[in-house]
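Step one of this worksheet: look at the structure below.
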Amino acid sequence: MSKIKVTQVRSGIKKPQDQKRTLEALGLKKIGQEVEHEATPSILGMVNKVKHLVSTEEA
């Protein structure tokens, strides 16, 4: 499986609760924080849900 790097670039403040929980489930807490995940369909779906708050790149 390929890996993706997910970086939080915008705040989750004033966003719906489900988007805040998605950021937390991805392991993101602060702006600028970077995490690496396997590119599984579930992870890609979570990234798609908060795509306006994060940036991604292949690792």
Sidechain-backbone polar pair: His37 side chain, Leu26 backbone, donor-acceptor under 3.5 Å | yes
Do Glu36 side-chain atoms and Glu38 backbone N/O form a donor-acceptor pair below 3.5 Å?
-> no
In Å, rounded to the nearest 0.5 Å, how long is the span from CG of Leu28 to NZ of Lys20?
-> 15.0 Å
Straight-line distance of Gln8 CD to Gln33 CD, nearest 0.5 Å = 7.5 Å
Residue from Leu23, Ile43, Val47 passing side chain to side chain contact (heavy atoms under 4.5 Å, CB included) with Val6 | Val47
Decide side chain to side chain contact (heavy atoms under 4.5 Å, CB included) for Lys49 and Met46; before the verdict, give the C-alpha distance in whole Å, the side-chain angles of both, and the deciding distance to 0.1 Å.
-> CA-CA 5 Å; Lys49 185 168 190 154; Met46 292 195 314; 5.6 Å; no
What pair of heavy atoms forms the shortest contact from [X] to [Y], and how long is it?
{"X": "Ile4", "Y": "Ala39", "answer": "CG2-CB, 4.0 Å"}
{"X": "Ser55", "Y": "Val9", "answer": "OG-CG1, 3.8 Å"}
{"X": "Thr22", "Y": "Asp18", "answer": "OG1-O, 2.8 Å"}
{"X": "Arg10", "Y": "His52", "answer": "CD-O, 3.5 Å"}

Quick check: are there more than 12 heavy atoms from other residues, nucleotides or ligands sitting under 6.0 Å from NZ of Lys29?
-> no
Glu24 atom CD: more than 12 heavy-atom contacts under 6.0 Å = no
Do Val54 and Ile31 belong together in a cluster built from hydrophobic side chains that touch within less than 4.5 Å?
-> no
